[in-house]
> 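Have a look at this one before I ask anything.
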Amino acid sequence: MLDILSDLNEPQRRAVAHRDGPLLVLAGAGSGKTRVITRRVVHLIAGGVAPQNILALTFTNKAAGEMSERIAALGTPRGATIGTFHALCARLLREFATEAQLDAGYSIYDRDDQLRLMRQALEAAGLKGGRLTPSVAHARISNAKNELKTPTEVSAEAASFGDEQVAEAYAAYQRLLRDNNALDFDDLLLKTALLLRDRPELRRLLGERYRYVLIDEYQDTNHAQYIIAHGIALHHENICATGDPDQSIYAWRGANVRNILEFEADYPNATVVRLEENYRSTRAILAAASQLISHNRRRKHKDLWTSRTGGADVRVVHCDTGRAEAQAVAERIEAAARRGLDYGDMAVFYRVNSLSRVLEETLFRASIPYRVARGVEFFNRREVKDLLAYMKLLVNPADDLSCRRIINTPTRGIGHTTLSRLTARAGATGVSLLEAAAQAESDDLGAAAAKRVRGFAEMMHALAGNLNHSVREIAEDVYRRSGIAEALSAEDEERRQQRANVEEVINTAAEFDELAGGTLSDYLYQVSLVSDLDHFEGTGGAVTLMTLHAAKGLEFPAVFVVGCEDGLLPFRRDFGPSDAGESDVEEERRLTFVGMTRAKDELTLSCARRRRMRGQNKPCAASCFLSELGAEGVRIEDLTTPQRPLNVRHRGGFFSGEVARGAQTAADEERMIIEAMADEEAEQPPPEYQYLGPGCRVQHPKFGFGTVMHLQRRWPDTRAEIVFDDVGPKKIVLRHVELELL
DNA sequence: CCCTTACCTTTTTTT
DNA sequence: AAGGTAAGGG
């Protein structure tokens with residue numbers, strides 16, 4: 001017991017030793033928060049609390065996994081519930097399905113599914129093609145759900161025609177979810193929150209089950225999560241919230257910083273512990289980060305301090321282009337490696353995932369090992385989603401969305417016409433698509449089509465006969481009998497990759513059988529709530545590339561924050577005037593703060609003067625954040641080259657005048673040519689374009705060998721006219737084919 | 001019905 | 001740049 005407390009500082013010790021009653025731990029960046037939470041759990045158990053009575057809620061599965069591991073490492077018996085809000089809710093909703101008026105086997109829709117469904121909802125509500133786009137509608141509805149608002153309430157509060165449309169879309173969307181027997185992420189929280197809000201007996205039951213509630217990253221909880229946590233803790237008030245208002249970076253998805261700011265108002269007798277000693281970063285890093293965050297006006301003052309001395313200055317590097325920036329980062333990484341730093345000790349953070357590409361290319365060329373942490377890349381692969389859709393449909397025959405996805409995947413001759421007829425039939429008789437498929441008749445669809453449709457239904461029926469098998473067996477069964485296996489059997493590179501992905505799904509199923517165990521629907525829930533990030537292990541010997549958001553909670557000896565440019569780091573979507581949601585500069589500043597405070601020893605921030613974004617090369621101004629770091633302990637390195645005027649009017653070869661297309665005057669033309677040349681020099685076009693032009697010999701996968709006659713460089717659909725030795729002249733869209741240059 | 005081609009939309013971060 | 005969708009030809 002003493003061991004647990006001995007290596008803690010005084011406030012940490014108070015937080016760990018606190019037992020009953022509300023506790024708020026305001027933990028500054030790097031102040032040992034995780035350590036406090038895990039110790040606290042251990043301390044509770046050592047003090048006689050049964051592990052089963054402890055509920056620890058985290059924000060990501062990864063954080064939950066880490067916490068379990070650390071607790072186990074301290075030799076504590078397992079049995080505590082440690083997981084994300086969403087996972088807890090999925091579990092509770094299964095347990096209390098009746099109370100929540102849910103059918104067993106409900107599907108959980110991921111973002112992709114949600115947007116698909118939203119598209120349908122907008123269509124059903126007669127709002128298709130209007131100003132309300134699916135993603136905007138989805139965001140608005142998501143926020144409403146997080147505030148526990150029903151469509152009726154949204155409608156009642158509507159202040160404009162646009163709001164009214166959102167309410168209508170919301171109603172239609174919920175109807176569709178219900179028809180599909182599905183929940184989206186927000187529903188998981190919403191339904192659970194409503195249960196807890198409206199059912200005293202459930203509050204009591206769960207309060208007795210979870211006698212100690214711990215919530216990590218409390219600054220990132222939304223209203224629904226607030227209701228859930230407080231509902232469970234209502235009677236015993238054994239609620240421990242940890243977090244840092246300066247690290248609140250999820251307001252955009254409904255997180256409410258007020259939850260943490262008003263904890264003391266919620267619980268007047270709360271014990272408050274402040275952790276302000278930073279054990280992670282050098283003095284320079286901490287000073288720069290503190291300087292930055294001090295520019296936030298809506299903020300409680302806080303002093304982070306460290307007893308560390310020494311360490312290098314924070315570096316701010318200005319570059320010409322995004323590519324040059326990546327190059328500079330690569331060079332610094334190499335230099336650090338030569339100094340003896342492990343690649344795994346370095347990380348590069350960026351605001352948007354799309355920035356990873358230049359970095360990847362550059363690191364790859366420099367032979368620097370790296371790994372990219374991406375959100376849901378794997379589970380979003382088409383072939384992966386297809387396989388999972390089969391399994392979802394098996395568990396939940398009402399899941400029309402999944403059914404629609406796979407009814408003709410792989411192709412089995414059920415086309416658009418047949419599908420819409422079938423949909424009409426299902427709608428008219430009020431049955432699911434799958435059921436309509438099973439009952440398909442010749443006079444509706446034509447004999448051949450009806451037969452194919454029934455064949456699909458029969459296959460699903462047959463697969464459903466094996467639901468009592470292990471999940472791995474079911475997955476393999478689906479893989480083979482659905483025809484996916486055959487469709488992917490060809491030996492080209494793409495199929496090979498897809499096969500590998502599908503096999504990886506089967507592996508996760510096998511792993512599930514071994515480790516967790518449970519029904520197919522258990523497996524599907526787990527898969528739905530997991531992201532690639534969760535499996536992202538500490539990268540042995542490779543540089544980590546991730547978004548600033550994903551970086552939260554991690555630390556690295558050396559950190560690079562790239563893309564510190566106005567509009568990108570204080571991110572702004574400068575689109576038309578109709579823009580409703582102004583971006584929150586203070587949240588962007590907190591995000592930068594989070595990134596900076598991940599660094600232990602070395603921190604480099606960088607920006608580019610020009611960057612290629614969304615297909616266009618645009619000039620960029622340095623982020624205002626860079627000038628907010630203060631001057632002390634910050635070293636600025638300017639790698640930009642002075643812009644010299646170019647006296648060139650014409651240039652043959654690659655551009656062959658195409659760049660000046662649309663020029664109205666000679667001055668226009670000159671300007672465009674100069675810009676294009678500057679772009680090309682900066683960007684180093686990839687080799688396949690650099691040398692491809694008239695006279696080149698190429699090999700086409702289908703048409704064989706040929707000679708390029710003409711290159712029409714018209715982005716994005718650059719075309720080449722090629723005379724093939726065997727089949728004669730063809731126009732090829734380069735985007736659609738991989739030409740081999742000989 | 002399927003494949004190819006032309007056009008168009010993109011709104012960042014994540015459970 | 002890249003993906004999706006809608007329309008057209010086979």
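Lettering follows sequence order; numbering is per chain, from 1.
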> Atom NZ of A:K145 and atom P of B:dT15: how far apart are they, to the nearest Å?
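Rounded to whole Å, this separation is 18 Å.
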
> Does a side-chain N or O from A:N408 land closer than 4.0 Å to OP1 or OP2 of B:dC2, or not?
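Indeed, a polar side-chain atom of A:N408 lies that close.
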
> Nearest whole angstrom, please: distance from the P of B:dT15 to the NE2 of A:H138.
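Distance check: A:H138 NE2 to B:dT15 P gives 14 Å.
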
> Within the structure, does a side-chain N or O atom of A:T547 lie under 4.0 Å from either OP1 or OP2 of B:dT13?
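So the side-chain polar atoms of A:T547 never come under 4.0 Å of the phosphate oxygens OP1 or OP2 of B:dT13.
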
> Output all residues satisfying ring-ring contact (aromatic ring centres under 6.0 Å, His included) with A:F593, sequence neighbours left out; order by chain, then residue number.
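Applying ring-ring contact (aromatic ring centres under 6.0 Å, His included) to A:F593 gives none.
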
> Heavy atoms from C-beta onward define the side chain here; which of B:dC1, C:dT5, B:dT15 lies closest to that of A:T84?
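Closest nucleotide to the A:T84 side chain: B:dT15.
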
> Determine: side-chain N/O of A:S354 to OP1/OP2 of C:dA1, distance under 4.0 Å, yes or no.
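Checking C:dA1 against A:S354, no side-chain N or O comes under 4.0 Å of OP1 or OP2.
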
> Mapping A:H549 and A:R412 to their closest nucleotides on DNA chain B, which lands nearer the 5' end?
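The residue whose closest nucleotide sits nearer the 5' end is A:R412.
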
> Does A:R612 have a side-chain nitrogen or oxygen under 4.0 Å from the phosphate oxygens OP1 or OP2 of C:dA1?
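True: A:R612 side-chain N/O within range (under 4.0 Å) of C:dA1 OP1/OP2.
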
> Distance check needed: B:dT15 P versus A:D216 CG, whole Å only.
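A:D216 atom CG is separated from B:dT15 atom P by 14 Å.
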
> Once you apply a heavy-atom cut-off of 4.0 Å, does A:S528 come out as touching a base, just sugar-phosphate, or nothing?
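No contact at all - A:S528 keeps every heavy atom at 4.0 Å or more from the nucleic acid.
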
> So if I take every side-chain heavy atom of A:F185 and compare against B:dT15, B:dT12, B:dC1, which nucleotide ends up nearest?
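The closest nucleotide is B:dT15.
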
> When all nucleic acid strands are considered with a 4.0 Å heavy-atom cut-off, which category describes A:F59: base, sugar-phosphate, or nothing?
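Here A:F59 touches the backbone only, sparing every base.
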
> Once you apply a heavy-atom cut-off of 4.0 Å, does A:D184 come out as touching a base, just sugar-phosphate, or nothing?
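It contacts nothing in the nucleic acid.
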
> Nearest-nucleotide wise, let me know which of A:R253 and A:T133 is further upstream toward the 5' end of DNA chain B.
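Closer to the 5' end of DNA chain B: A:T133.
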
> Provide, to the nearest angstrom, the distance between the CZ atom belonging to A:R405 and the C1' atom belonging to C:dG4.
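Interatomic distance, CZ of A:R405 to C1' of C:dG4: 13 Å.
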
> Can you measure A:L122 atom CG to C:dT5 atom P for me and round it to whole angstrom units?
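After rounding, the reported distance stands at 14 Å.
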
> Does B:dT12 have OP1 or OP2 under 4.0 Å away from a side-chain N or O of A:N353?
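For B:dT12, neither OP1 nor OP2 has a side-chain N or O of A:N353 closer than 4.0 Å.
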
> Starting at CZ of A:R119 and ending at C1' of B:dC8, how long is that distance when rounded to a whole Å?
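To the nearest whole Å, that distance equals 13 Å.
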
> Does A:K552 make a cation-pi contact with A:F59 (under 6.0 Å, within 45 degrees of the axis)?
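Output yes; distance and angle both within limits.
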
> Report yes or no: is the ring centroid of A:W252 under 5.5 Å from the six-membered base ring centroid of B:dT13, with the two planes under 30 degrees?
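Ring-base stacking flag set for A:W252 and B:dT13.
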
> Roughly how far apart are A:H223 NE2 and A:L190 CG, rounded to 0.5 Å?
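Reported to 0.5 Å precision, the distance equals 10.5 Å.
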
> Can you sort out the partners of A:T411 under side-chain contact (heavy atoms from CB on, under 4.5 Å), two or more places apart, ordered by chain and number?
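Counting only residues at least two positions away or on another chain, A:T411 forms a side-chain contact (heavy atoms from CB on, under 4.5 Å) with A:N408.
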
> Is the shortest side-chain N/O distance from A:R572 to OP1 or OP2 of B:dT11 below 4.0 Å?
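For B:dT11, neither OP1 nor OP2 has a side-chain N or O of A:R572 closer than 4.0 Å.
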
> Atom CD1 of A:I249 and atom C1' of B:dT14: how far apart are they, to the nearest Å?
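From A:I249 CD1 to B:dT14 C1': 10 Å.
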
